[in-house]
Structures are given as C-alpha cells and as structure tokens.
Trainee: 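Quick one: the structure is below, and I'll ask about it shortly.
Only heavy atoms go into these numbers, but all of them, side chains included; no hydrogens, no water, no symmetry mates. Note on naming: letters A, B, ... go to the chains in the order of the sequence lines (proteins, then strands), and numbering restarts at 1 for each one.
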Protein chains: 2
Amino acid sequence: MNTGETRLEHMVDVLKDKGFRLTPQRIAIVEILANSCDHPGVEQIHCEVTKRFSTTSLATVYKTVSLLKELGEVMEIGFGDETNRYDGKNPHPHPHIMCVKCKSITDPDLSSLTALSWELAEETGYQILSHRLDFFGICPKCQKTSEHSH
Amino acid sequence: MNTGETRLEHMVDVLKDKGFRLTPQRIAIVEILANSCDHPGVEQIHCEVTKRFSTTSLATVYKTVSLLKELGEVMEIGFGDETNRYDGKNPHPHPHIMCVKCKSITDPDLSSLTALSWELAEETGYQILSHRLDFFGICPKCQKTSEHSH
DNA sequence: TATTATATGATAATTGTTATTTAATAATAA
DNA sequence: TTATTATTAAATAACAATTATCATATAATA
C-alpha cells in the first residue's frame, strides 16, 4: 500500500496526474495539510501560507482545499456553528475527538466500529456510503487547567 | 421518568418554568418540533408555522429553535454544507442515518454504542461530554428508484 | 385594566463560502 | 531560452445561512 512515497508526494502526484498545475501556493497548502496533525481550518491554513507567500488570498485556500476534497485527498470535518476543519493526513472516514475548550482535534483508535456499519445496514436496509463519528469532551490538559482556576 | 405528560407538554413546561413567555408562535414551533419525525430544518418549520400564523418571521423561528437548543430541548443536527436540521422528539445524542438522495433522516437503534464512549475515555483520558454519530447512505426506497432509471 | 418586561416582525448586518474577472504564471513546444 | 497558451491567483463582489437591531405588539402580573 505504502510504496515509500510520503503523503505529501502522493498528494502532489495526484494533482500532477490529473493535470493540475503545481504552483508554489498550491504546494505550500498541500504541505500544510499533509504535515499538520492539528486538523487546521481554512483561516489557519491561510495564516500559515501567507508566512511564505504573503499575498496569498483566502479564496485560493478555499479553492485548493475544496479541490483536494473533491480528489478525495483531504477530509472535511464540519462542526455545527464552528468553522470547517481539514484532515490531509487521513482523508478517509475515521472517528475524531474534539476538546470543547481548546478546540484541539485528535484521532483515537477505535476498533469495533466497522461492525457497527454492518449492524446498521442489516437493520435499516441502507446502502452505507460514509459515516461520521465525533466525540466532544475535555482533554486531559484542559481538565488540569480548570482545576487550577478554582 | 415519563410522568404521563407528552413531549409537547414537557417542552411547554420547561419554557414556563424558566419564565419564558408562551406566545402562540412559540407554542406552534414547539408543537412542530415535538411532533414531527422528519427532523425538520428552519425553513421547513417556518413554512409550517406560517400556515397558522402567516406573519411569523424567520428570525422568530431561529430564535425559538436556538432557545430550545440552549434549554436542551432540541438537538441540532448539522451536516456540512447542508442546512441544519432539528430533533425535538429526542434531544439527546443518538445516531442518525441520512439518505444522501432524498435527505430523509431516521434514527436507527444501535446497541454497543455506550461501550464505545467508555473505551474512548479509557484510551484518551478525555472527559466525554457528547458525541455525534451519523451515517450517510442510500435508503431502500431510493435504491429501488435508481434501479428503475437504468 | 394598566403596567412592564419580553417577544415579534422587518430588516440590516455578519459570517463563512463561492463566483467573477483581470492579471500573472506554470507547462509546453519552438 | 523564449514565446505561447491555458490554468491559476488575487481582489472583490455575490451569496446563503444565521444573528443583531430596534420599534411595535403582547403575555404575564398586579
């Protein structure tokens, strides 16, 4: 499965293969998505890119992210009234856990999840295409800081 | 737990107890949320209310729905770029399954889900407050109609 | 019935996102 | 290397869902 190429190289290859141009801004955005573990939002990505290419527009970030989304290379994590966040490391459906205080998002390992999909298909007759499993809570670090503030 | 009062009565009582006024529009919105099984959106609720109170403003629907949400009496179901939908029958976290074609949302029964929360808390050290488990697929009815169209 | 704080309705404002348009530029071939 | 050309970027307008504002209306209470 992993032929030795990095996630960044893979994403760049996908763009190249489909005939999309490899502009510096685009590569920078791909790098950010491929390397960041913190599930950044558009605003955060834009903030990062402009450190290297100061004139980069928000619209460019939106377009690049949504292009990568269409190509199946990033997964969008939408939270109600919050802004969207993106996962470029693992673009396939997987559970997330978000801290409601510091807004950090991490990927827990949860077995016994694929079993759920089967159970569901059996029960409802649906053809399951995708799912979304997100937990909300308070991370260990924020639990500590709220103790201190008492 | 259920003292014999209907869901509608309960929601009205909560409003009354907290000192919120029981205006006709508000009661109408609560009725719609308490009785509809199809997880309506704001637009759909507004459409229903105006059948009885024709001048009801969209803003009133938004405000009432968000009041009930804050009181924990309706649960918001947000889907990415789609508009929000609301569940007034069961305002506590529970799985949904949505048909990507007809946009219908139903509530499947899934056991072995609370176990997942425990597994997660153990693994991550998070204090779990809430969760969201949504499946996307094609419902039996839409599966049939797409066969016909071949 | 009068009082008063709260809710409504109409609409303006805001926010996240998408579309548009002109200028810039990556890829290609001469 | 340079010229060509279609694609991309930047700036900004447009958009849709939602929220805020404020004058008017009204539910609750005395």
Side-chain angles (χ1 to χ4, degrees), chain A residues 11-32 39-71 74-86 103, chain B residues 11-33 39-71 73-86 103:
Chain A
M11 291 170 83
V12 168
D13 283 351
V14 168
L15 284 173
K16 204 187 294 176
D17 290 349
K18 305 267 180 175
F20 294 101
R21 287 190 183 161
L22 299 176
T23 65
Q25 296 92 333
R26 208 167 251 180
I27 293 173
I29 293 169
V30 170
E31 276 178 15
I32 292 165
H39 306 74
V42 164
E43 208 66 51
Q44 189 180 339
I45 296 169
H46 181 248
C47 178
E48 285 291 316
V49 190
T50 49
K51 285 178 187 165
R52 289 171 55 191
F53 306 97
S54 61
T55 63
T56 308
S57 158
L58 243 189
T60 299
V61 179
Y62 272 108
K63 270 181 292 189
T64 305
V65 165
S66 105
L67 171 64
L68 291 166
K69 191 173 64 173
E70 276 162 33
L71 296 175
V74 311
M75 137 147 250
E76 189 176 69
I77 319 170
F79 289 109
D81 42 344
E82 332 266 337
T83 178
N84 286 329
R85 306 273 289 264
Y86 296 90
K103 307 294 181 190
Chain B
M11 292 171 82
V12 168
D13 282 352
V14 167
L15 284 173
K16 203 186 296 177
D17 290 351
K18 304 268 180 173
F20 294 102
R21 290 188 183 164
L22 300 176
T23 65
Q25 296 91 332
R26 209 167 250 178
I27 292 173
I29 293 169
V30 170
E31 277 178 15
I32 291 165
L33 282 164
H39 306 76
V42 165
E43 207 66 50
Q44 188 180 340
I45 296 169
H46 181 248
C47 179
E48 285 291 317
V49 191
T50 49
K51 286 177 187 166
R52 289 171 54 190
F53 304 98
S54 60
T55 63
T56 308
S57 159
L58 245 188
T60 299
V61 179
Y62 272 109
K63 271 182 288 192
T64 304
V65 165
S66 109
L67 171 63
L68 291 166
K69 191 174 64 174
E70 277 162 33
L71 296 175
E73 293 303 322
V74 310
M75 136 148 251
E76 190 176 68
I77 319 170
F79 289 108
D81 43 345
E82 331 265 339
T83 178
N84 285 328
R85 305 271 290 264
Y86 297 91
K103 308 295 182 190

Trainee: Which residues, if any, of residues 40-48 of chain B bring a heavy atom under 4.0 Å of DNA chain D?
Mentor: none
Trainee: Looking at the side chain of B:Arg26, which of D:dA10, D:dA9, C:dT8 is the nearest nucleotide?
Mentor: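 The listed nucleotide nearest to B:Arg26's side chain is C:dT8.
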Trainee: Would A:Val14 and A:Leu68 count as a side chain to side chain contact (heavy atoms under 4.5 Å, CB included) here? Give the steps.
Mentor: CA-CA 9 Å; A:Val14 168; A:Leu68 291 166; over 6 Å; no
Trainee: Taking atom P of C:dA12 as reference, at what distance in whole Å does atom OH of B:Tyr62 sit?
Mentor: 17 Å
Trainee: When the distance from NZ of A:Lys63 to C1' of C:dT17 is rounded to whole Å, what number comes out?
Mentor: 12 Å
Trainee: Starting at CG of B:Leu58 and ending at P of D:dA16, how long is that distance when rounded to a whole Å?
Mentor: 14 Å
Trainee: For A:Lys16 and C:dT28, what is the distance between atoms NZ and P respectively, to the nearest whole Å?
Mentor: 10 Å
Trainee: To the nearest Å, give me how far apart NZ (B:Lys18) and C1' (C:dA7) are.
Mentor: 19 Å
Trainee: When you check the phosphate oxygens OP1 and OP2 of D:dA10, does a side-chain N or O of A:Gln25 lie under 4.0 Å from one of them?
Mentor: yes
Trainee: Does B:Ser66 or A:Thr23 map to a spot on DNA chain D nearer the 5' end, using the closest nucleotide for each?
Mentor: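 The answer here is A:Thr23.
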Trainee: Side-chain donor or acceptor of A:Arg21 under 3.5 Å from a matching atom on the base of D:dT7?
Mentor: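 Yes, a donor-acceptor pair under 3.5 Å.
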Trainee: Judged by atom type as modelled, is there a donor-acceptor pair below 3.5 Å linking the side chain of A:Thr50 to the main-chain atoms of A:Cys47?
Mentor: yes
Trainee: Which nucleotide in the set C:dT11, C:dA27, D:dT18 lies at the smallest distance from any side-chain heavy atom of B:Ala59?
Mentor: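 Side chain of B:Ala59 sits closest to C:dT11.
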Trainee: Could you tell me if the side chain of B:Met75 sits less than 4.5 Å from the side chain of B:Tyr86, heavy atoms only?
Mentor: no
Trainee: With the side chain counted from C-beta on, respond yes when A:Gln25 and A:Thr64 share a heavy-atom pair under 4.5 Å apart, and no when they do not.
Mentor: no
Trainee: Contact between B:Val74 and B:Met11 at the side-chain level, heavy atoms closer than 4.5 Å - yes or no?
Mentor: yes
Trainee: May I ask you to verify if any side-chain N or O of A:Ser57 is less than 4.0 angstrom from the OP1 or OP2 atom of D:dA11?
Mentor: no
Trainee: Given B:His46, which partner from the list B:Ile32, B:Leu58, B:Val65 fulfils the side chain to side chain contact (heavy atoms under 4.5 Å, CB included) test?
Mentor: B:Leu58
Trainee: Whole-Å distance between C:dA27 C1' and A:Ile27 CD1?
Mentor: 13 Å
Trainee: How long is the line joining CZ of A:Phe53 and C1' of D:dT8, in whole Å?
Mentor: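 Distance, rounded to whole Å: 14 Å.
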Trainee: For residues A:Val61 and A:Ile29, determine if any side-chain heavy atom of one lies less than 4.5 Å from a side-chain heavy atom of the other.
Mentor: yes
Trainee: Specify the separation, in whole Å, of atom CG of B:Leu22 and atom P of D:dA25.
Mentor: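 Going from B:Leu22 (CG) to D:dA25 (P), I get 22 Å.
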Trainee: Tell me whether the side-chain N/O atoms of A:Asn84 come closer than 4.0 Å to OP1 or OP2 in C:dG16.
Mentor: no
